[in-house]
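Note that this is a predicted model, so its numbers are computed, not measured. Quick note: residue numbers are just sequence positions, from 1.
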Amino acid sequence: MAASPEIASLLGRRGRLELDELLAALVVDGYLLAEDAKQVRMGVRAGRSTVELHPLVLIANARLANQHEPGRPLSLEALTEWLAGHAGLPYLKIDPMKINVAAVTQVVSQAYAKRHKILPIASTIGEATFATSEPFDAGWAPDLAQMLRRDIKRVVASPIDINRYLQEFYGVQRSIQLAHDAKTSSDSSSAILNFEQLVELGKSGEVGADDRHVVHIVDWLLQYAFEQRASDIHLEPRRDTGSIRFRIDGIMQKVFELPAPVMTAVTARIKILARMDVAEKRRPQDGRIKTRSASGREVELRISNMPTAFGEKVVMRIFDPDLVVKDFAQLGFSPSEGLNWRSMVERPHGIVLVTGPTGSGKTTTLYSTLKHLATPELNVCTVEDPIEMVSPEFNQMQVHAAIDLDFAAGVRTLLRQDPDIIMVGEIRDLETAQMAIQASLTGHLVLSTLHTNDAPSAVTRLLDLGVPHYLIQSTLTGVVAQRLVRTLCPYCKQASSQNPATWAVLTHGWAIPLPEQVFKPVGCLECRNTGFMGRTGIYEMMKLSPRLRGLISAHLDLSDFGRAALAEGMRPLRISAADQVAAGLTTVQEILTVLPPIDAFESTEPPRHSTD
């Protein structure tokens, strides 16, 4: 958008933005109708409680029609970007994960930043960058440049983001610096300690897990992770500092650094919340925390810690209860895959296995399936290590190795509990496999997981464990291998054409037409400029037909078995993924980073047509 000198002059007439000038400029620029602008003025005059709000917020709250984009309201971000254009400054959507909070909060005090309504967002030796929502009020910049002896760069950002992160950045940093009661000052609220002082106090043991500042840091960390859609929080101790990283859509991202003694106190606080032994620092421990997000939604966290060279590493896996109420289509099943899956799990008996590496969504698939199957007429029991998500519809048991309650003993106990459906967290050894088979033979449906790369390999894994081939023939109903791939952001994905060479790599051996149109990632405010938002499942379903059962023997050849499964209608993971590309949900490049190489039994097959 080209800046207009007339509009810039109108907006900057009084330095600070005024509502009347903003509305007039929006009308002149064709973003608002004169009648809409009049309604906003009248509404503000009628409501005294809104006079302290930034004029951009007042206009955005009215949710007026954007005349430049019919059918969409004039949002705060659109207004801020428009303002930046006329001020001749860059527009920025603040991403706290890309800001070194410890560094920027040292540039100016919180009082100074509040007085001028600015937020420091970057700091180098020669330049400091500040976000402002008052681009025509720049009197502070020359004075600050002289005081800091650095160049001052200004960008325009949303006033709501500036106010919010002013509180968060300085609040969290103050809590880190005051993670103990400052005994050297009578006024602890004004005692700001530097990094070296904090390290020394940490060594003397004066940073406590119950200190209010440590409580604040942990509360902020959890809420921030929920907001960023993180699936895991990693607290990683190092020699001098501790690193905090989030896994978002399967990708690890560094978020924050804490001084080592503060990281120790934060770890202790989390162990207290998870009901773990705080004094035990030599052995790994597991725990869980139940809390709520800022919106009031209940969230469970599974906590795992282990000793490392520089302290205890903690990983918190976040489980959103909303995930397990998804239907099969929301998990990524195509209509035909949904029918296949239902035909496997809605049988009265048999074993159904879900395979894939850690983090491939096996637990979500099983929980969603159990939610689908659990009715008042059925007794659904699980034995898990650990219990991932507590659900009122199931009877859940956790294994305890210390008292010899393993998966096999758990299944043995469940068989005396009159179950209809049994879910075994994982088949790890022969004894567990034998108990699962016994449960199936006695008329129960058994769901479980294995760690294999593809569906046919599950049969050879069972044979390797020592399960007799004739028991596999009589009990195994089907195997589903799965992976998770990132999905394109629906707000910014852009239509594109598919490169025939990369499509041929993905669909090697299958005669699947090149899609007329695919989409590529772009990056926007909603997806934090990654181009991706969320993940979906891709599946390889092998239902055991009479022919496949007949091929299972003590000396099974995996290549022959895999080719037979393909001939019986099994579609490989990459072909299921190709459907997701053709539907505009993801990209070939994303899939090729997730999937294993083409199996030997596929590479020798002639081209086939997709059956879906």
Side-chain angles (χ1 to χ4, degrees), residues 3-5 7-18 21-22 25 52-57 79-178 182 185 187 189-198 256-257 259:
S4 165
I7 292 179
S9 174
L10 174 64
L11 292 171
R13 185 182 298 166
R14 305 186 191 181
R16 286 284 172 103
L17 293 171
E18 298 287 341
E21 281 79 3
L22 264 175
E52 296 299 323
L53 293 177
H54 191 283
L56 283 181
V57 177
L79 287 167
T80 307
E81 194 167 2
W82 167 83
L83 177 64
H86 285 299
L89 295 174
Y91 162 76
L92 176 73
K93 173 64 176 175
I94 298 172
D95 184 352
M97 296 183 70
K98 297 179 180 176
I99 295 175
N100 185 339
V101 175
V104 300
T105 51
Q106 299 299 316
V107 177
V108 295
S109 68
Q110 185 177 13
Y112 185 92
K114 271 188 172 180
R115 183 162 68 251
H116 294 286
K117 298 183 178 179
I118 56 177
L119 176 71
I121 57 169
S123 173
T124 62
I125 295 175
E127 183 180 78
T129 305
F130 290 84
T132 178
S133 57
E134 295 284 353
F136 298 103
D137 179 18
W140 54 270
D143 297 337
L144 191 59
Q146 187 174 4
M147 187 177 5
L148 298 176
R149 295 183 180 178
R150 299 189 220 177
D151 293 334
I152 300 298
K153 180 182 176 183
R154 295 185 301 138
V155 297
V156 180
S158 156
I160 287 182
D161 283 353
I162 290 175
N163 288 337
R164 173 192 169 181
Y165 292 121
L166 261 176
Q167 300 295 329
E168 284 195 10
F169 288 176
Y170 284 94
V172 170
Q173 196 60 28
R174 184 178 293 108
S175 291
I176 293 171
Q177 292 173 325
L178 296 177
S185 171
D187 182 9
S189 64
S190 62
I192 303 295
L193 302 176
N194 62 29
F195 184 88
E196 289 75 15
Q197 290 172 311
L198 190 58
F256 212 76
E257 280 191 351

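For residues 109-119, the side chain to side chain donor-acceptor pair (under 3.5 Å) pairs, not counting sequence neighbours, are Gln110-Arg174.
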Verdict with supporting geometry, Thr124 and Arg150, side chain to side chain donor-acceptor pair (under 3.5 Å) = CA-CA 9 Å; Thr124 62; Arg150 299 189 220 177; 6.0 Å; no

Show the numbers, then the answer: is there a side-chain contact (heavy atoms from CB on, under 4.5 Å) between Val156 and Leu92?
-> CA-CA 6 Å; Val156 180; Leu92 176 73; over 6 Å; no

Derivation and outcome, side-chain contact (heavy atoms from CB on, under 4.5 Å), residues Thr80 and Leu56 = CA-CA 7 Å; Thr80 307; Leu56 283 181; 4.1 Å; yes

Given the rule in the side-chain contact (heavy atoms from CB on, under 4.5 Å) test, do Tyr165 and Ile121 qualify, once you have shown the distances and angles that lead to the verdict?
-> CA-CA 10 Å; Tyr165 292 121; Ile121 57 169; over 6 Å; no

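Counting heavy atoms from C-beta outward, Pro96 and Phe169 have side chains that approach closer than 4.5 Å. Counting only heavy atoms from C-beta outward, the side chains of Asn100 and Phe256 never approach each other to under 4.5 Å. Looking at heavy atoms from C-beta onward, Leu89 lies out of side-chain contact with Val155 at the 4.5 angstrom threshold. Counting heavy atoms from C-beta outward, Leu83 and Pro135 have side chains that approach closer than 4.5 Å. At least one side-chain heavy atom of Ile94 sits under 4.5 Å from a side-chain heavy atom of Ile162.
Annotation for Ile99 and Asp95: closest pair CG1-O, 3.7 Å, computed over non-hydrogen atoms. The two residues Pro55 and Leu22 make their nearest non-hydrogen contact at CB-CD1, 3.5 Å. Scanning all heavy atoms of the two residues, the minimum distance from Val108 to Pro120 falls at CG2-CG, 4.3 Å.
Taking OG of Ser133 as the reference point, atom CG of Asp161 lies at 10.0 Å (rounded to 0.5 Å). One finds the OG1 atom of Thr132 at 10.0 Å from the CG atom of Leu119 (value rounded to the nearest 0.5 Å). Atoms CG and CG, from Asp151 and Leu144 in turn, are 11.5 Å apart once rounded to the nearest 0.5 Å.
A donor-acceptor contact shorter than 3.5 Å is absent between the side chain of Arg16 and the backbone of Asp137. Side-chain atoms of Glu134 come within 3.5 Å of backbone N or O of Leu17 as a donor-acceptor pair. When atom types are taken as modelled, the side chain of His54 and the backbone of Ile160 share no donor-acceptor pair closer than 3.5 angstrom.
With sequence neighbours excluded, no residue satisfies ring pair (Phe, Tyr, Trp, His ring centres under 6.0 Å) with Tyr170.
Aromatic rings from Phe130 and Trp140 are positioned such that their centres are separated by under 6.0 Å.
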